[in-house]
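Reckoned from all heavy atoms, side chains included, excluding hydrogens, waters and symmetry mates. Everything numeric here is computed off the predicted structure, so don't read it as measured data.
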Amino acid sequence: MLRGLWAALRGHVIVLCAVVGCGTWIAPGHAQPFPSRPITLIVPFAAGGPTDTLARILSERIAAELRTTVVVENVAGASGSIAGARVARAAPDGTTITIGHWGTHVLNGAIFKLPYDVVADFEPVAMIAMGTQLIVGRKSLEANNLKEMIAWLKANPGKATAGTAGAGTGAHVAGVFFKDKTGTDFQFVPYRGAGPAMIDLVAGQIDIMFDQASNSLPHVKSGAIKAFAVTSPTRLASAPDVPTVDEAGLPGLYISYWHGIWAPKATPKDIVTKLNAAIVAVLAEPAVKQRFAELGQEIPLPAQQTPAALAAFQKAETEKWWPIVKAADIKPE
């Protein structure tokens, strides 16, 4: 009799566990709190470049803020658009986010036929850094300032090489404008990221780069490459000896290389808010501020770190740069 009773009870227990998961079942409409799984931070360029460096500085600290794991994954190629397509079609649950910048989230939309929209298919999360570019050259280049560099280019038309992170990237666009502004001519050499391009510049395999300061500064400070100018109206605090383009004789060639974080479109607002709060907290840390400053990156004011502020800034940059890029007829190579 007892055996029969136990068999009957065991059957009910099995059914109950199947229905409620023995204490792990979650009622419909009551999702697990975010984040319940690791977060993948997609970097649209190769490891070692400036965008990758910023991502790795942030990832560990964001993980601590959210009490989860943040995995940095490099998805390089096509000027960041391969990574963009992946994030655009990822599940909008906050577990896949991307770091991007002026090139990936503004210029790409004007240059490439993309399988996604650089604005409509993403949710802005936070602006994280305002940077600039350095005009740099190999150590053995026969020029010691920007005017001499321009003269050398004019004396060797079509022979010099400029490394870029790919066709249509910020370095490429900056180079095109530099050509137009100075009447010089040189060849672009595309790489899978700024990191690999910098390796070749240090090795003397290419001549010049229009590069993010965060990528170039360590090599400038070590004496491995030459810096001719910074593309902003003010000098960098981390490189006070490098003149501005105005001071170097090429006034008005201003390029802001800003970075932001985005999630896939339709990511719930509460998840975006949590991600933003974690990033804002990390950006306020003195150690992060110091590290960014060393890389030539300025952290935006808190009012500029909101999702709405990033959306507004991206819109303004699109309205500014798209007509310029299209007028220059910049095409993918």
Side-chain angles (χ1 to χ4, degrees), residues 49-50 102-103 131-191 193-257 294-298 324-325 328 330 333:
W102 170 60
T132 186
Q133 284 188 325
L134 288 178
I135 301 174
V136 294
R138 56 180 166 82
K139 185 178 180 179
S140 59
L141 192 66
E142 301 171 13
N144 294 309
N145 57 53
L146 188 60
K147 289 183 178 180
E148 290 180 3
M149 172 191 158
I150 293 171
W152 178 80
L153 290 171
K154 288 183 176 180
N156 297 276
K159 296 181 180 179
T161 52
T164 76
T169 58
H172 182 201
V173 171
V176 169
F177 286 128
F178 181 89
K179 281 184 175 184
D180 184 64
K181 194 91 169 176
T182 60
T184 56
D185 183 36
F186 46 85
Q187 303 174 49
F188 290 108
V189 181
Y191 290 81
M198 180 53 64
I199 290 173
D200 271 8
L201 184 68
V202 170
Q205 299 301 310
I206 53 177
D207 298 310
I208 59 174
M209 282 183 68
F210 302 85
D211 190 38
Q212 293 182 61
S214 55
N215 191 47
S216 296
L217 274 178
H219 305 287
V220 171
K221 291 180 177 180
S222 71
I225 60 174
K226 294 180 178 181
F228 299 112
V230 58
T231 62
S232 68
T234 58
R235 294 194 181 198
L236 286 171
S238 53
D241 295 335
V242 181
T244 68
V245 283
D246 294 340
E247 295 168 332
L250 194 56
L253 190 72
Y254 305 144
I255 300 171
S256 176
Y257 227 114
E294 291 170 355
L295 294 170
Q297 298 289 328
E298 180 180 342
I324 294 173
V325 169
I330 298 173
E333 294 177 353

Looking at V136, T182, L250, I208, which hits side chain to side chain contact (heavy atoms under 4.5 Å, CB included) with M149?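 The side chain to side chain contact (heavy atoms under 4.5 Å, CB included) with M149 is passed solely by I208 among V136, T182, L250, I208.
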Restricting to non-hydrogen atoms, name the atom on L153 and the atom on A160 that form the minimum distance, rounded to 0.1 Å.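 For L153 and A160, the tightest heavy-atom pair comes out as CD2-CB, 3.5 Å.
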Which residue pairs pass the side chain to side chain donor-acceptor pair (under 3.5 Å) test with at least one member in residues 229-240, sequence neighbours excluded?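 Every side chain to side chain donor-acceptor pair (under 3.5 Å) pair that includes a residue of residues 229-240, provided the two are not neighbours, is T132-T231, R235-E247.
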Classify the ring geometry between H172 and F188 as parallel (under 30°), tilted (30 to 60°) or perpendicular (over 60°).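 Taking F188 first and then H172, their aromatic rings stand perpendicular (interplane angle over 60°).
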N/O donor-acceptor pair under 3.5 Å between [X] side chain and [Y] backbone:
X: N145; Y: F228; result: no
X: D207; Y: T161; result: yes
X: K179; Y: F186; result: yes
X: K226; Y: L141; result: yes

Not counting sequence neighbours, which residues clear ring pair (Phe, Tyr, Trp, His ring centres under 6.0 Å) with Y191? List them please.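 Residues passing ring pair (Phe, Tyr, Trp, His ring centres under 6.0 Å) with Y191: none at all.
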Inter-residue atom distance Q212.CD - L217.CG, 0.5 Å rounding: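 Spacing of CD (Q212) from CG (L217) equals 11.0 Å.
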Working to the nearest 0.5 Å, report the span between OH of Y257 and CG of D211.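 Reported value, rounded in 0.5 Å steps: 8.5 Å.
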Count the heavy atoms belonging to other residues, nucleotides or ligands that lie under 6.0 Å from NZ of K159, then report whether that count exceeds 12.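 No, NZ of K159 has 12 or fewer neighbouring heavy atoms, counting only those of other groups under 6.0 Å.
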Kindly write out the residues that satisfy side chain to side chain donor-acceptor pair (under 3.5 Å) with Q297, not counting sequence neighbours, or none if the list is empty.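 Partners of Q297 by the side chain to side chain donor-acceptor pair (under 3.5 Å) criterion, ordered by chain and then number, come out as S214.
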